[in-house]
Amino acid sequence: MKQFISVNDVLSPSFGGVGEAIDALVQKALAYKTDPFKDKTLGANKRIGCLFLNPSMRTRLSTQVAAQNLGMETIIFNVGSEGWALEFEEEAIMSGNTVEHVKDAAPIMGKYFDILAIRTFPSLKNREDDYSELYIKQFIKYAGIPVVSLESATLHPLQSLTDIITITENYKPAYRTGRSQTAHRKPKIVLTWAPHVKPLPQCVANSFSQWVNAWGQADFVITHPEDYELSEEFTKGATITENQDEALKDADFVYVKNWSTFNDYGRIYCNDPSWMLNNEKLKLTNDAKVLHCLPVRRNVELSDEILDGPNSLVTPEAANRVWAAQAVLSEILKTPTP
Ligand code: CP
């Protein structure tokens with residue numbers, strides 16, 4: 001693996017199809033969960049730089065733990081609050097607030113580190129700008145070393161890999177068809193929009209949709225209110241409905257997440273509290289397990305009774321962030337550099 005920016009980076013001739021490649025990466029992550037230090041020298045004498053242009057708790061800590069499990073040294077740099085303000089536009093006349101161009105900064109980081117990991121967020125002001133993924137693409141262009149997304153303007157691939165690991169672990173696929181027969185069926189996974197007080201990025205929802213569709217091993221339904229459509233680039237293949245109750249029917253997993261509007265970009269059109277998942281709504285499901293990437297606004301985005309109840313997977317899901325990061329870093333470490 002040469003970089004990790006989206007599900008497309010999991011495609012590899014050694015894995016076969018993308019569904020098989022995702023499964024292989026999931027199994028690799030689960031093997032690290034069983035034996036965290038089995039490759040403790042793989043990253044010896046290697047260093048990962050983790051650059052944060054935006055806040056993080058889980059991504060920052062889990063990536064550090066994963067790298068250290070592989071014997072790598074990690075250096076964290078909070079560019080957004082501690083570094084020079086970076087310019088990303090080519091041929092910019094830097095007479096404004098930006099102090100250093102990424103084409104000057106990134107090659108230096110490429111000399112300090114063996115892997116560069118970066119978190120950026122979208123502005124939510126201009127969709128074309130955000131969806132161009134300029135920030136992470138400029139780091140890829142100028143760093144000269146493998147780049148890992150710790151969440152970009154439109155995607156959050158380490159989170160999505162984690163989510164598929166968590167679903168794989170928690171799905172009991174066999175069901176009875178007769179007295180002694182069992183059969184297997186795909187899990188029904190529902191991605192549901194939830195209310196929030198602030199306009200949030202579409203990254204987690206986009207990325208989850210992209211990964212579940214590429215995985216191809218689920219009946220995948222997305223439900224949201226009118227005006228909260230996501231980009232077809234990521235949702236194509238899913239069933240999409242504005243009827244949340246209908247979507248939740250017989251679900252095995254419910255992924256809860258807020259996102260702001262895509263078409264009239266970055267806005268809040270609806271804050272209807274009836275979209276918040278609670279135990280009453282959970283009765284529509286097949287005793288579904290509930291996921292959320294966190295952080296979560298309790299009793300706005302997701303109810304206490306769900307978060308503190310037996311169906312919540314949010315803590316094991318967040319714990320699995322380590323194994324997802326470890327699987328990805330080890331794939332990159334094992335790939336020969338040109
Ligand atoms: N889910 C997630 O990315 O959490 P952080 O923002 O805390 O890293």
Side-chain angles (χ1 to χ4, degrees), residues 4-7 26 29 33 48-68 74-82 115-124 130 133 135-136 147-167 169-170 189 191-194 196-212 230 234 253-260 277 289-298 300-302 306-307 312-329:
F4 188 70
I5 305 302
S6 82
V7 78
V26 166
K33 185 169 185 171
I48 181 170
C50 298
L51 272 54
F52 288 87
L53 282 81
N54 299 91
S56 166
M57 190 267 264
R58 279 146 290 269
T59 308
R60 171 177 169 155
L61 298 179
S62 62
T63 305
Q64 269 185 288
V65 173
Q68 288 174 12
T74 55
I75 292 183
I76 304 287
F77 182 28
N78 293 308
V79 188
S81 57
E82 297 166 354
I115 298 175
L116 193 59
I118 301 157
R119 166 168 284 200
T120 69
F121 274 179
S123 67
L124 293 180
D130 287 345
E133 290 283 13
Y135 287 17
I136 204 152
V147 171
V148 172
S149 169
L150 300 175
E151 188 169 359
S152 66
T154 65
L155 294 170
H156 196 352
L158 282 173
Q159 180 67 53
S160 308
L161 173 58
T162 302
D163 298 332
I164 292 187
I165 292 166
T166 309
I167 288 169
E169 271 186 314
N170 285 280
I189 300 175
L191 168 64
T192 181
W193 180 90
H196 204 284
V197 293
K198 288 178 69 180
L200 294 191
Q202 292 121 26
C203 311
V204 171
N206 281 343
S207 195
F208 186 71
S209 302
Q210 185 191 43
W211 279 71
V212 174
L230 293 163
F234 305 116
F253 295 92
V254 182
Y255 200 98
V256 178
K257 186 71 185 85
N258 170 268
W259 60 88
S260 58
L277 195 68
K289 298 292 184 191
V290 179
L291 296 99
H292 186 288
C293 63
L294 303 179
V296 65
R297 296 245 183 176
R298 279 178 175 253
V300 175
E301 205 179 355
L302 196 44
I306 295 279
L307 283 163
S312 172
L313 288 179
V314 298
T315 303
E317 178 188 6
N320 280 339
R321 291 292 306 269
V322 171
W323 319 119
Q326 198 165 334
V328 166
L329 294 180

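Keep in mind the model is a prediction, meaning the values are calculated, not measured. Atoms within a ligand are numbered from 1 in the order they appear, just like the ligands themselves. Side chains included, hydrogens not; waters and symmetry mates left out as well; all remaining heavy atoms used.
For the pair T192 and Y255, the minimum side-chain heavy-atom distance is 4.5 Å or more. V296 has its side chain out of reach of V314: every pair of non-hydrogen atoms, C-beta onward, lies at least 4.5 Å apart. Residues S260 and L200 fail the side-chain proximity criterion, which asks for heavy atoms closer than 4.5 Å. Between D163 and F253 there is no side-chain heavy-atom pair separated by less than 4.5 Å. For the pair F121 and L53, the minimum side-chain heavy-atom distance is 4.5 Å or more.
Under the 3.5 Å distance criterion, the side-chain polar atoms of E133 are matched with a main-chain donor or acceptor of T154.
For ligand 1, residues of the protein lying within 4.0 angstrom by heavy-atom distance are S56, M57, R58, T59, R119, H156, Q159, C293, L294, R321.
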